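Below is one structure, written out as structure tokens; the observations come after it.
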Protein chains: 2
Amino acid sequence: MLKLTKKADYGLIALKYLAEHPETPAVSAKDVADTYGIPPQLLAKVLQRLTKSGLLRSHAGMNGGYSLAQDARQISAYEVIHSIDGPFFITSCVKGAKPCELTPSCTVREPLARVNETIAGVLKSISIQDLAEQEPHTAAHGGDAQGLVSLSAHGTE
Amino acid sequence: MLKLTKKADYGLIALKYLAEHPETPAVSAKDVADTYGIPPQLLAKVLQRLTKSGLLRSHAGMNGGYSLAQDARQISAYEVIHSIDGPFFITSCVKGAKPCELTPSCTVREPLARVNETIAGVLKSISIQDLAEQEPHTAAHGGDAQGLVSLSAHGTE
DNA sequence: TCAGTATACGACCAATTATGTCGTGGTTTC
DNA sequence: GAAACCACGACATAATTGGTCGTATACTGA
């Protein structure tokens, strides 16, 4: 149904939190979980995966916890989501594995693959820093999705 | 995990098929299902929903079936997906209902809501006609998302 | 008018996935 | 060495998706 998992949500929330507290050397999972009412162990697991992906740095022991391994500006929402939920694809079939059993089945696949890329581009253009700052002047920040998106609300529905 | 449901996929495939056979007065669900190896009854239900949404026109009886109720150029992927899967939202909380129990929980919500709009815009800019034509010269076709997207493959991964 | 083909729709089951928990072990600090 | 952390795998549970069944209804053509 085209929505993020809670894990990804939690991950973004946590990273945003870390970006907002650059002074603190390390923030524990429990800390963040308490603040936002997130199940601690679940968040812990999410943060662990982000650590393995190199987005976070962990520190065990008392007063330990997590801290950003990169500048908040360098971490994109895409990386976070990808790291937590794995590679996402709009269509179910485009996985490199077997292409849809039924041969002509995925004639829609190709155009949708481009939609997929576009979405990925959007996500890549959003950094954790963007999340931390309330105002989204977004775009024109980072990456390779130059001018691809103008995040102006054009409430068509 | 940010992917379409099979139902939505089936719906798009079926509409594309209809767009490709404008001569046939009506195509039965079974017909399409056979062609693509889709469970007939499931597809039927999908098409029924699209009919209720006004995207399709149904005709019972022998030689009956479904036909596009609008020009293929007027039907966007967004409408199809929205009609089948209901309103999609990137974040779980933005539903108008209750805003996330835990108050500050969704600080990420606002920026992501804009991502959501962007994606919706992309989907709205893709018409069934676009799917039917293999080459995606896309955009500059239809709607209100003018120039918002340039669906050029920029394989960043 | 009757048989055949089709949609319409609700209820239901099965499979997958998402969400959350438990237990155990390792590491650092005090 | 105890307290406060992270790390990780195995479960258990809930929600969603995917798919089926049965029945009712509508239309066509002989």
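Chain letters run A, B, ... following the sequence lines, proteins first and then strands; every chain starts at 1. Here the structure is a predicted model, which means the values were calculated and not measured.
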For [N], does OP1 or OP2 lie under 4.0 Å from any side-chain N or O of [X]?
X	N	result
B/His59	C/dT5	no
A/Thr5	C/dT17	no
A/Ser58	D/dA7	yes
B/Tyr10	D/dT17	no

Gap between atoms [atom1] and [atom2], on [X] and [N] respectively (whole Å):
X	N	atom1	atom2	answer
A/Lys3	D/dT17	NZ	P	6 Å
A/Gln48	C/dG20	CD	P	16 Å
A/Tyr66	D/dA4	OH	P	17 Å
A/Leu43	C/dT21	CG	C1'	15 Å
B/Lys52	C/dC9	NZ	C1'	8 Å
A/Asp85	C/dT16	CG	C1'	15 Å
A/Ile38	C/dT19	CD1	C1'	13 Å

Check your understanding: Can you tell which of B/Glu79, B/Lys45, B/Lys7 makes a side-chain contact (heavy atoms from CB on, under 4.5 Å) with B/Ile84?
Key ->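 Per the side-chain contact (heavy atoms from CB on, under 4.5 Å) rule, the option paired with B/Ile84 is B/Lys7, out of B/Glu79, B/Lys45, B/Lys7.
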
Base, sugar-phosphate, or nothing: which does [X] touch, judged by heavy atoms less than 4.0 Å apart?
X	result
B/Ala44	nothing
B/Ala29	sugar-phosphate
B/Lys30	nothing

Practice item. List the atom of A/Pro40, the atom of A/Ala33, and the distance in Å for their closest heavy-atom pair. Key: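 Shortest heavy-atom separation between A/Pro40 and A/Ala33 comes out as CA-CB, 3.6 Å.
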
Practice item. Heavy atoms only: give me the nearest A/Ala132-A/Ala19 pair and the separation to one decimal. Key: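 Between these two residues, the closest heavy atoms are CB-CB, 4.1 Å.
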
Exercise for review: Check whether any side-chain heavy atom of B/Ile128 sits under 4.5 Å from a side-chain heavy atom of B/Leu18, and report yes or no.
Suggested key: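 A side-chain contact is absent here, since even the closest heavy-atom pair is not under 4.5 Å.
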
Review point. Considering heavy-atom distances to DNA chain D, does B/Ala60 or B/Pro39 have its closest nucleotide positioned more toward the 5' end?
Key: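 Residue closer to the 5' terminus by nearest nucleotide: B/Pro39.
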
Practice item. Return the 5'-most residue of the pair A/Met62, B/Gly61 with respect to DNA chain D, ranking by each residue's nearest nucleotide. Key: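 Here A/Met62 is the residue nearer the 5' end.
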
Check your understanding: Start at the 5' end of DNA chain C and walk down; is the nucleotide closest to B/Lys45 or to A/Gln41 reached first?
Key ->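 Its nearest nucleotide lies further toward 5', so the answer is B/Lys45.
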
Practice item. Starting from the 5' end of DNA chain C, give me the residue, A/Leu42 or A/Asn63, whose nearest nucleotide shows up first. Key: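 Nearer the 5' end of the strand: A/Leu42.
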
Review point. Between D/dG18, C/dT27, C/dG4, which nucleotide gets closest to the side-chain atoms of B/Lys7?
Key: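 Minimum distance to the B/Lys7 side chain belongs to D/dG18.
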
Point to revise | Interatomic distance, B/Leu56 atom CG to B/Gln48 atom CD [nearest 0.5 angstrom] | key: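 Reported value, rounded in 0.5 Å steps: 11.0 Å.
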
